[in-house]
Asker: 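Below: one structure in structure tokens.
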Amino acid sequence: MNEAGSTVPRRELGRLLRQTREEAGIGLEAAAAELEWSRAKMYRIEAGQTPMRALDVDQMCRLYQAPPDMTEVLVSLARESKSKGWYHAYGDVIPRWFELYVGLESAASRLRTYEHALVPGLLQTPEYAAQVARTRPNVSDDEAAKVVELRIERQRLLTRKRPAAPVLDAIVEEALLHKNVPGMRAQIDKLVQASDAPNVSVRVLPLGGAITHIVVSGGFVILDFPTKGARSAEPTTVYNEGLSGALYLDRTDEVRTYAEVWKALAAQALSVAESRKLMREIKERHRD
């Protein structure tokens with residue numbers, strides 16, 4: 001990646017610093033005065049518009065009386081906010097227990113997700129989520145339970161009232177629905193029912209399609225954010241998770257590439273009604 005790397009670390013840092021300050025009951029102007037900064041500087045920090053020194057973030061954490069584990073995350077994000085490009089490797093810089101993606105997801109106004117191997121996290125049943133969690137190497141029962149708990153908590157955003165729930169458009173490969181996973185009948189039911197919501201669509205990419213450039217993309221999520229006036233509050237971001245970490249992309253050319261892949265997927269996928277019919281047929285073939 002070139003000099004215009006991902007802005008995700010500093011955007012997330014700003015969001016978390018604002019959240020930590022508000023939880024401490026400290027106003028923005030009061031915090032600025034205590035830190036001997038201008039109000040404008042505080043605004044830029046919390047809006048994720050400027051990289052931060054780890055020393056300054058540590059000072060803010062002390063003022064806000066942030067817990068040690070959250071201080072660790074915030075200081076780590078400050079160090080990462082100066083990097084030119086960004087790849088979040090689990091257990092490397094940011095603590096593994098911290099789910100960075102969750103913050104982006106909760107701030108988005110629209111999520112476009114394509115999955116070729118797994119049901120999207122926002123649409124998983126607890127049983128399915130537990131099966132996925134247990135695929136991680138050396139995961140304990142407690143760790144798996146925490147993954148499931150987080151997954152279910154994340155799903156609340158699809159029905160929240162304030163701020164308005166995001167739109168979720170999901171396209172899934174038919175092949176993943178045929179996998180021999182315990183509880184697959186209930187999982188398919190959840191996918192069918194989810195698409196009844198006005199802000200959720202689930203479409204299936206049927207078997208038998210031609211090999212195209214789509215196959216090299218892997219699963220991904222395109223996150224769009226609310227607008228302020230005529231402009232988006234944050235740049236559209238692509239999230240792509242792999243075995244060793246997660247890639248966050250928000251450069252215009254990178255996002256455009258994934259938007260073109262999404263357009264091709266949407267053209268090949270069945271309609272919502274056709275997808276529901278196919279999913280019900282596949283469900284009847286499963287014998288949990």
Side-chain angles (χ1 to χ4, degrees), residues 99 101-102 104-106 108 110-136 139 143-159 165-209 214-215 217-223 238-243 246-247 258 261-262 265-266 268-288:
E99 292 281 355
Y101 172 75
V102 175
L104 289 175
E105 185 179 69
S106 64
R110 185 189 182 195
L111 304 156
R112 286 172 282 173
T113 180
Y114 162 65
E115 278 291 353
H116 63 98
L118 295 170
V119 170
L122 288 175
L123 301 174
Q124 292 177 4
T125 63
E127 185 176 5
Y128 189 96
Q131 296 290 329
V132 175
R134 293 189 188 105
T135 64
R136 296 183 180 183
V139 67
E143 288 173 331
K146 288 178 181 177
V147 169
V148 174
E149 183 180 351
L150 175 62
R151 193 72 39 101
I152 302 309
E153 181 63 30
R154 282 171 52 198
Q155 295 176 5
R156 297 180 189 277
L157 72 85
L158 294 178
T159 55
V167 170
L168 172 64
D169 294 321
I171 296 177
V172 300
E173 292 277 357
E174 179 184 344
L176 72 84
L177 301 174
H178 290 284
K179 290 185 177 180
N180 185 23
V181 179
M184 199 63 191
R185 288 174 62 87
Q187 177 59 77
I188 293 175
D189 270 339
K190 184 175 178 70
L191 290 174
V192 173
Q193 293 164 10
S195 62
D196 287 333
N199 61 318
V200 178
S201 72
V202 180
R203 299 174 61 195
V204 177
L205 200 65
L207 297 172
I214 294 171
V215 299
S217 69
F220 62 87
V221 184
I222 303 175
L223 303 100
V238 175
Y239 172 80
N240 193 321
E241 186 172 354
L243 284 175
L247 184 64
Y258 277 87
V261 170
W262 176 265
L265 286 165
Q268 295 179 30
L270 300 176
S271 68
V272 171
E274 292 169 334
S275 297
R276 284 177 180 166
K277 182 175 182 293
L278 178 58
M279 286 191 288
R280 290 190 180 106
E281 291 173 356
I282 295 172
K283 171 192 167 184
E284 294 307 313
R285 301 172 197 167
H286 283 281
R287 295 291 181 268
D288 292 347

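Being a predicted model, the structure only gives us computed values, none of them experimental.
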Asker: For the NZ atom on Lys277, are there more than 12 heavy atoms of other groups (residues, nucleotides or ligands in this structure) within a distance under 6.0 Å?
Answerer: no
Asker: Quick check for you: to the nearest 0.5 Å, what is the distance between Glu241 atom CD and Glu115 atom CD?
Answerer: 8.5 Å
Asker: To the closest 0.5 Å, what do you measure between OH (Tyr239) and CG (Leu104)?
Answerer: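 The CG atom of Leu104 is 9.5 Å from OH of Tyr239, to the nearest 0.5 Å.
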Asker: Just verifying a value: how many Å separate Gln155 CD and Leu123 CG, rounded to the nearest 0.5 Å?
Answerer: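 Rounded to the nearest 0.5 Å, the CD-CG separation comes out at 7.0 Å.
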Asker: Between Leu158 and Ala165, what is the shortest heavy-atom contact and its length?
Answerer: O-CB, 3.4 Å
Asker: Which residue in the set Val119, Val200, Val204 passes side-chain contact (heavy atoms from CB on, under 4.5 Å) when paired with Leu191?
Answerer: Val119
Asker: Testing the basics here: between Ala269 and Leu205, what is the closest heavy-atom pair and its distance to 0.1 Å?
Answerer: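 It is N-CD1, 3.6 Å.
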Asker: Can you see which heavy atom on Gln124 is nearest to which on Gln187, and at what distance?
Answerer: CA-OE1, 3.3 Å
Asker: Rounded to the nearest 0.5 Å, how far does CD of Glu174 lie from OG of Ser275?
Answerer: 9.5 Å
Asker: Are any non-hydrogen side-chain atoms of Met279 and Val202 less than 4.5 angstrom apart?
Answerer: yes
Asker: Please test Leu247 against Phe220 for side chain to side chain contact (heavy atoms under 4.5 Å, CB included), starting from the C-alpha separation and ending with a verdict.
Answerer: CA-CA 10 Å; Leu247 184 64; Phe220 62 87; over 6 Å; no
Asker: Judged by atom type as modelled, is there a donor-acceptor pair below 3.5 Å linking the side chain of Arg287 to the main-chain atoms of Glu284?
Answerer: yes
Asker: What closest approach, in Å, do Ile152 and Pro126 show between heavy atoms, and which atom pair accounts for it?
Answerer: CD1-CG, 3.7 Å
Asker: Got a sec: does the CG of Asp196 have more than 12 other heavy atoms crowding it under 6.0 Å?
Answerer: yes
Asker: For the backbone of Glu105 and the side chain of Arg154, can you confirm whether one donor and one acceptor N or O come within less than 3.5 Å of each other?
Answerer: no
Asker: Assess the residue pair Leu207 and His178 against the criterion (side chain to side chain contact (heavy atoms under 4.5 Å, CB included)); give the C-alpha distance rounded to whole Å, side-chain angles, the decisive distance to 0.1 Å, and a yes or no.
Answerer: CA-CA 11 Å; Leu207 297 172; His178 290 284; 4.2 Å; yes
Asker: Would you compute the distance between atom CG of Asp169 and atom CH2 of Trp262 and round it to the nearest 0.5 angstrom?
Answerer: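 The CG atom of Asp169 sits 5.5 Å away from the CH2 atom of Trp262.
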Asker: Minimum heavy-atom separation for Met184 and Leu176, please, with both atom names.
Answerer: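 Heavy atoms only, the tightest pair is CE-O, 3.5 Å.
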Asker: Do other residues, nucleotides or ligands put more than 12 heavy atoms under 6.0 Å from Glu281 CD?
Answerer: yes
Asker: Do the side chain of Arg203 and the main chain of Ala266 share a donor and acceptor less than 3.5 angstrom apart?
Answerer: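 Yes; judged by distance alone, with no hydrogens or angles, the pair exists.
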Asker: Given side chain to side chain contact (heavy atoms under 4.5 Å, CB included), test Leu177 with Leu278 step by step and report yes or no.
Answerer: CA-CA 10 Å; Leu177 301 174; Leu278 178 58; 5.9 Å; no
Asker: Mind listing the closest non-hydrogen atom pair of Thr125 and Ala186 along with its distance?
Answerer: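 The pair with the smallest heavy-atom distance is CG2-O, 3.9 Å.
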Asker: So how far is it from Gln193 CD to Arg276 CZ, rounded to the nearest 0.5 Å?
Answerer: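 Going from CD on Gln193 over to CZ on Arg276, the span is 10.5 Å.
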Asker: Can Leu118 and Tyr128 be said to form a side chain to side chain contact (heavy atoms under 4.5 Å, CB included), step by step?
Answerer: CA-CA 9 Å; Leu118 295 170; Tyr128 189 96; 3.7 Å; yes
